[in-house]
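Residue indices begin at 1 and follow the sequence shown.
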Amino acid sequence: MTPPPMKHRASDVVEPLAKAETSFKLLVESVRDYAIYMLDLDGIVVSWNIGAERIKGYSAEEIIGRHFSLFYTDEDISVGRPEMKLRIATETGRYEEEGWRVRKDGTRFRAHVVVSALRAPDGRVTGFAKVTQNVTDRWEAEQALRQSEERFRVLVEQIRDYAIFMLDPKGRISTWNLGAQRIKGYKSEEVLGQSPAKFYTPEAQAAGKMQRLLKKAEDVGVARDIDWRVRKDGSRFWADVTITALRTPNGELYGYAKVVRDLTERVEAAAQARAYEAAQEAIQIRDEFLSIAAHELRTPLTAAQLHLQGMKRLTTRDPAEWNHPRISAGVVSAIRSADRLSELVETLLDVSRIATNKIRLNLMTFDLPTVCQEAIERLQEMINEAGCTVRFVGPDRLEGCWDRLRIEQALINLISNACKYAPNTEIEVGVEKLGEQVRLWVKDTGPGIDNDHLERIFGRFERAVSSSHFGGLGLGLYVTQQIVEVHGGTVDVESTPGEGSSFSLILPIITPSEGLPPTGDSPY
Ligand code: ADP
């Protein structure tokens, strides 16, 4: 059933309207957060609410009837800003702005103001409504944020040790700091708006590295890469790169931050430090070498001098003494000292040849057992003096192609050591064939060598005995090992303290057609 049409009397409409107007007026009056007031056409305040009183500090009685320019700063008044606003509001119906206003006590506050023109039903402007909000807190917060952003921007801009720059979401460079300019060599105007692809090496570009890194940063937040990058001048530097995806609080990607550190300087500094250490060590070895060499050379030199001076004394008194048997004995001793001197000098020269990679092999085919026998014969005097006996074990013949003099030298070093460190014992020199190799050994039954020293004794100047007990340069085993290694072989030692030592040279059997051994690319 449709309701009967309503019948209205004029008072039915007017009364509620008047009521509504009253309550609206009350509402406006009681709003505390906004200053809401009206001006007449001349800008005189005609109404005033609680909010206006609270924000501007004037009570309604104090302000009604006064001109609204009271709320403006002297600067604004001097340029006629209050009147200008009313004019614009009259012309356009509305004017909105944010600016400084003055309270009754003279303090300023930041105001957001909307002025609306009030019109009579015939369209004439009869006055203005103003709504003002105090936005000082927001303004200050914005200002503080802006300042801290600015400070941060200046800080980043001034950093010289790191290249720090941003990319927009499309990967184009949008900021560029001093560090970026220093490390990469480009000025900001040369790179802004461009892709950073040119900082990558051509290889990395071809492999799509930049795209991969950006994708990774986008997917997981950060991407790190330590690799070569290219400067403007084409030179490369070793870079530590971190790319961070930048997102708004609601997760939208707005760009990437790239931080690049040039590690080249660090790498170079570390290499320099290592080179410096090596140089220091080399200097120390050289000093040690000089003192050991001088000491060792002095022994035979002094002996030779004594023999020669003795002969001189003898013959100056009586030239006939030249025939004295002490003269021939003196000559023999002087020659022996000179031989020892030349032996030492040869060893020193060998060490210098090894150090400068100048040992060259003079390969020839010869029989190893024969060389062993000859060496034993040559050293017989020394062997006797040491109270030793030397026994050879091995086949009658075992031919190979080696440097005969060098192998002899190695063998003599080992037999001499056995005589020196294992006097009055039986020494065994042996040769055997082991497949494609031969083993040549010198074994004694002397004091042996401590396990701790076994590795060391092949080093330059390394000795397991005190120099006051045994003379020596500490170079014999070093030179021996180098000789064997140049032949592509190895040296081995087995020793039990109190029982003796056995030094073995393992040499590949080289046939003449082979020329240099398989390891002929050895640096020596
Ligand atoms: P040097 O004989 O001039 O000291 P080497 O390089 O020939 O130099 O020998 C290094 C060290 O090895 C010797 O000082 C010694 O301590 C030890 N050594 C070498 N051969 C023997 C051996 N047969 N018995 C015991 N120790 C040895």
Side-chain angles (χ1 to χ4, degrees), residues 284-355 374-390 405-406 408-425 427 442 444 446-447 449 457 459-480 483 501:
Q284 199 191 333
I285 289 179
R286 189 202 59 190
D287 291 348
E288 252 172 67
F289 167 77
L290 286 176
S291 93
I292 294 172
H295 180 81
E296 280 305 305
L297 293 172
R298 202 172 52 191
T299 312
L301 194 61
T302 313
Q305 275 173 334
L306 286 176
H307 292 302
L308 294 171
Q309 279 162 1
M311 288 190 277
K312 189 178 168 214
R313 254 198 322 273
L314 208 61
T315 52
T316 321
R317 259 186 274 135
D318 179 3
E321 291 286 347
W322 274 115
N323 296 322
H324 195 284
R326 276 166 67 194
I327 293 291
S328 45
V331 169
V332 169
S333 300
I335 289 176
R336 197 194 284 170
S337 296
D339 286 347
R340 174 69 187 141
L341 264 179
S342 100
E343 206 180 280
L344 286 170
V345 169
E346 270 313 311
T347 308
L348 294 179
L349 284 174
D350 275 345
V351 172
S352 125
R353 282 186 200 112
I354 291 166
E374 283 175 9
I376 295 168
E377 260 165 50
R378 287 230 326 264
L379 296 174
Q380 201 53 58
E381 198 182 326
M382 182 183 75
I383 294 167
N384 293 342
E385 275 173 17
C388 293
T389 51
V390 178
L405 289 179
R406 289 291 181 193
E408 232 173 55
Q409 185 186 355
L411 186 61
I412 288 172
N413 280 345
L414 295 182
I415 299 174
S416 309
N417 275 353
C419 292
K420 186 160 141 193
Y421 299 108
N424 309 311
T425 62
I427 301 165
V442 175
D444 66 57
I449 302 160
I457 54 174
R460 269 195 292 188
F461 313 122
E462 294 287 5
R463 317 192 64 203
V465 290
S466 88
S467 53
S468 52
H469 284 88
F470 296 93
L473 286 169
L475 290 172
L477 289 179
Y478 171 70
V479 172
T480 302
I483 289 173
S501 318

Evaluate the criterion side chain to side chain contact (heavy atoms under 4.5 Å, CB included) for residue pair M382 and K420; output intermediate values, then yes/no.
-> CA-CA 9 Å; M382 182 183 75; K420 186 160 141 193; over 6 Å; no
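No side-chain heavy atom of L477 sits under 4.5 Å from any side-chain heavy atom of N413. At least one side-chain heavy atom of D350 sits under 4.5 Å from a side-chain heavy atom of R406. Side chains of Q380 and E377 form no contact here, defined as non-hydrogen atoms less than 4.5 Å apart. For the pair T389/I383, no side-chain contact is recorded, criterion being any heavy-atom separation below 4.5 Å from C-beta on. Counting heavy atoms from C-beta outward, L297 and V345 have side chains that approach closer than 4.5 Å. With a 4.5 Å cut-off on side-chain heavy atoms, Y421 and D444 do not count as touching.
How far OG of S342 is from CD1 of I335: 12.0 Å, rounded to the nearest 0.5 Å. For the atom pair CG (L344) and CZ (R340), the distance works out to 4.0 Å, reported to the nearest 0.5 Å. The OG atom of S291 sits 10.0 Å away from atom CD of E296, with the distance rounded to the nearest 0.5 Å. Once rounded to the nearest 0.5 Å, the distance linking CD1 of I412 with CD of E374 reads 10.0 Å. Separating the CG atom in L341 from the CD atom in E346 is a distance of 12.0 Å, to the nearest 0.5 Å. Separation of atoms SG (C419) and CD1 (I427) is listed at 4.0 Å; rounding is to 0.5 Å.
Between A410 and T480, the shortest heavy-atom distance links the atoms CB-CG2, 3.7 Å. In plain terms, the two heavy atoms of A422 and G446 that are nearest each other are CB-CA, 3.4 Å. Residues L473 and A293 come closest through the heavy atom pair CD2-CA, 3.7 Å.
Sequence neighbours left out, the pairs with a member in residues 312-339 that pass side chain to side chain donor-acceptor pair (under 3.5 Å) are R336-E381.
The side chain to side chain donor-acceptor pair (under 3.5 Å) test applied to Q309 returns no partner, not counting sequence neighbours.
In this structure, S352 contributes its side chain and L348 its backbone to no donor-acceptor pair below 3.5 Å.
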